[in-house]
Amino acid sequence: MSLQVTDLRVYYRTLAGDVKALDGVTFGIADGEIMGLAGESGCGKSTLGNSLIRMEGRMRHVGGTVTLDGVPLPIDDQADMNHFRFAEVSIIPQYAMSALNPTRKIGKMVGELVATRGVRYHDIREELERRLELVGLARDVLDRYPIELSGGMKQRMVMVLSTLLDPSLLIADEITSALDVSSQRAVAQTLVEFRDRGFVKSMIVVTHDVSILYQISNTLAIMYAGKLAEKAPTDVIMSRPKHPYTRLLISSLPEIGVRFEEQRLTGIPGTPPSLLNPPTGCRFRERCPIAIARCTDEEPPFVEVEPNHSVACWMAS
Amino acid sequence: MRRYFGRKLLIYAATFFIAATIDWLIPRFMPGDPVQSLVSRTGFGLSPEGSQALVTYYNNLFGLNHPIWEQYINFWASLLHGDLGRSVYLTGRPVTSVIMSAVPYTLALLIPAVLLSWWVGNTIGARAARRRLLDNVVLPVGYVLTATPYMWLAIVLAWVFGFILNIFPISGGYSYSLEPTLTWKFIGSLFSHWVLPFASLFLVGLGGWAIGMRNMIIYELEADYSRYLEALGAPSRLVRKYAFRNAMLPQITGLALSLGVVVAGALVTEIVFSYPGLGKLLLASIQNEDFFLLQGIFLFIILGVLIANFIVDIAYVIVDPRTRVAMSGAEE
Amino acid sequence: MTTRAPSAGAQTPDVVQGPQGVPTVPGAVPVGGRPDPRPMSRRGEILYFALRTKKVIIGLTIIAVFLVLALIGPIIRPGDPDALIGPLGASPSADWWFGTTSFGQDIFAQFVYSLGSTFLVGALGGGIAAIIGMTVGFVAGYRGGWIDEVLNMITNVVLVIPTLALLLVAAAYLSARGVVVEALFIGFTSWPWAARAIRAQTFSLRSREFVNLARMSGVKGLRIVFGEIAPNMSSYLFLTFILLFGGAILIAATLDFIGLGPTSGSSLGLMMYDAVAWSALQLGLWWWFIPPGVAITAIVGALYITNVGLDEVFNPKLRNT
């Protein structure tokens, strides 16, 4: 196991109370695995991705552990976590196109950033240029300011920079959502190539675009209302989904490239429960076509029903 | 690059043109006859014929006996020759030379006060952002300073340091017992008279810059590039360094925008300290109804502010790589 | 390259540079995502948070205290505040709360009368500036095109001209001036930064969904501005007015201090002018010049603090941080 997350709970503090964005999430990722993480917006998938690398202002770690390559990650300690960021855990953020400091030449910024990890720019320059070439960027982008690059170029630059120190885990957060279909595919292929070349050991690809995940991910995890609903190898989940939510998601999947989120209303009636005071029992039961009395009283545990296939549903086992 | 500065210069030239025209228009289109009121206030005890002669004299002096368009052209013609007329209250000295003898004092106050308060304020503000303890001091103090009227801080400083503690002189540009010479004694006297007006201008400006910078830094620390740096574990020193650099840019623009207010502040501060700069001259011209002098001072201030704006524009281009890039791109 | 001209705020967040360089950062001003479907509950929420934000409470309390003083002061001390009725240059006492001037005028009476004109100048001058700034900003931001270019040019010209100098010249030629005239002068010269900020906000709202919807359903220009755009930035407009209010008070104090304030009546700036002109400094009559300055600083500072507090109330993002 490269990454092991156990019963992770992360809440957002608000004046109205705690929003339980991650409420007991358990899963593992093997070496070389690309895990797709999908779900409706607001289900906590981005919170999960962010909490593995950097908790933002109002996020609070309430419970659970994260270990990476056998070492516990101090995710609630901003200072301690710095030893792991970039070198061990890295991220390609959702806002990749605006992630570069506008007033610094890109090469200079990269140099200053790697220097904080004790790496000399001079030593890494050759490898950097090789990787830039790999994603189709000329080496002179390093002498340019971000404003001189197109959006796609900036995103590729961020992809190279984020993986420059060969992290063990890479989180790719909605990185295809701003792109057209052909660029989406190219970006997805680049991610696979980064894994194949050993730039990153394993990867979590957060997206609401299941069709992209179908192309590149080894396993798929489906989140619903702050909890994992199902996790299994991609082909298994696509052909034999066990959770009713997964089933509805996949059956409502339109042609490749169209995001299912836009079709949510027709696809799955109802809305997810508020995470401020989530109901007891199964959180999907209000929208579930096969809910039984037990779903109201008891929360279904997330258990392995087949090898590598875990589900949180009373009707699945 | 040339096109950009050409455009800017054009705007400033237009501004000067408009301002000068307004300057020319005001006395001519204000209710009442300035010449009449001038005569009635200065020509005490004159016979009707005498005051009529004075009216004619002033009309000639101001050129008011010519057609209005000719007056306007004459105004520009003499303006371009550097001739702003003669000061009535200073018995006919050319306005230009009267102003030129006051300008150095005003500049000696303004330039260090503006630049230092800008620099120190920005530094303090940048330190205070997102640091609770320092912020709790900087924010209230900053708001009080920036809400303080310039002349009142000047009065309070003069009262505390001049009257109660008696450390600094509170009147004039140098000791009345000295003649302007290039001796250490005279320079020392200049300096001690300069300290309080400078300090009061400096302090009022400080608050606004500190608050502005603090807010900008907080904004920049929320920006995507800052979040990315933090996600990649960059130490806060680096993140803040970048944020500071980016937050600096709007502060440079702000510097240009604040000039008009600071100049006004310098004028009233000089009045409090009877400092022999433009402010004191301005007060004298108002009290003595010396309109040539008043208009001359106004034009000088406009010119100074426009030049300063242009310098700020140049500084901005030097500091912001994006404008440089955009410009060189346009010229390729 | 025209789009990247480094004039103010070209590539920076919409920073409102307030008077005297007090910038507020309305980066997150809720220049509305969409019209709130529950206006009442939003209003209720704003009131709820406003009354629990320390800055708003402090600011409003200070303003209220001075406002009450301005209103009841003339009742406590009726008659001409400039009358020579007291001892000469007496320090504060039970009889003369703020002492007297070297002519024997009651400084407390002058003070409370002046407070009234300070609020009047602030409200009127700030109000006029806000109206002009909004009109110019809305029209420029909504219409765009050459109208925007022209208005922008005018705004830039007025922005660069040191308006106080302009005021001086204009005021100097008017032999009789009142508080209202002074407020008019101030209003007509201090609007540019507001116009600029409102223009930017209007610009960003113009292409929002709900505005497009209104336009498609046949609503015409002005009605869109006042029916759709203005309500969505009402909090922003209010904050702008507060800053203009404070700015007008400071400008008025400066004008008064140079002797170009109201020719009749009293004002806080005039009190300071008199104090300096009649050597209160050299005579140590601190009670003559301390109260007016304290009042101006407190009122303007309270306005600024209220502004910051309300900004937090209007922007849930800024709360709790």
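The chains referred to below are lettered A, B, ... by the order of the sequence lines, with proteins before strands, and numbering in each begins at 1.
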Q: For R54(A), is it the side chain, the backbone, both, or neither that has a heavy atom closer than 4.5 Å to a heavy atom of chain B?
A: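 Contact with chain B involves the side chain of R54(A) alone.
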Q: Please list, in residue-number order, every residue in residues 224-245 of chain B that has a heavy atom less than 4.5 Å from any heavy atom of chain A; write 'none' if there are none.
A: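 If one takes a 4.5 Å heavy-atom cut-off, the residues of residues 224-245 of chain B near chain A are D224(B), Y225(B), R227(B), Y228(B), L229(B), E230(B), A231(B), L232(B), G233(B), A234(B), P235(B), L238(B), K241(B), Y242(B), R245(B).
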Q: Evaluate whether atom CZ of R130(A) has more than 12 neighbouring non-hydrogen atoms of other residues, nucleotides or ligands under 6.0 angstrom away.
A: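 Buried by this count: over 12 neighbours within 6.0 Å.
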Q: Of all of H83(A), K105(A), R104(A), M109(A), which one pairs up most often with chain B through heavy atoms under 4.5 Å apart?
A: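 Top option by heavy-atom pairs under 4.5 Å: R104(A).
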Q: Sub-4.5 Å heavy-atom contacts with chain B: which residues of residues 161-173 of chain A show up?
A: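 Residues L161(A), S162(A) are the ones that qualify, each having a heavy atom under 4.5 Å from chain B.
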Q: With a 4.5 angstrom heavy-atom cut-off, is it the side chain or the backbone of R144(A) that approaches chain B, or both, or neither?
A: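 Looking at R144(A), nothing touches chain B.
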Q: Could you check whether atom CZ of R117(A) has more than 12 heavy atoms from other residues, nucleotides or ligands sitting under 6.0 Å from it?
A: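 Count over threshold, so yes.
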Q: So what's closer than 4.5 Å to chain B heavy atoms on M81(A): side chain, backbone, both or neither?
A: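 When you check distances to chain B, no heavy atom of M81(A) falls under 4.5 Å.
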Q: Among V89(A), N50(A), T116(A), single out the residue with the greatest number of heavy-atom pairs under 4.5 Å to chain B.
A: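 The answer is T116(A).
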Q: Can you tell which part of E112(A) gets under 4.5 Å to a heavy atom of chain B, answering side chain, backbone, both or neither?
A: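 Contact with chain B involves both backbone and side-chain atoms of E112(A).
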Q: Taking L113(A), I53(A), I91(A) one by one, which has the highest count of heavy-atom pairs under 4.5 Å against chain B?
A: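 Between L113(A), I53(A), I91(A), the count favours L113(A).
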Q: Does any heavy atom of chain B fall under 4.5 Å from the side chain of E56(A), the backbone, both, or neither of them?
A: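 Only the side chain of E56(A) comes within 4.5 Å of chain B.
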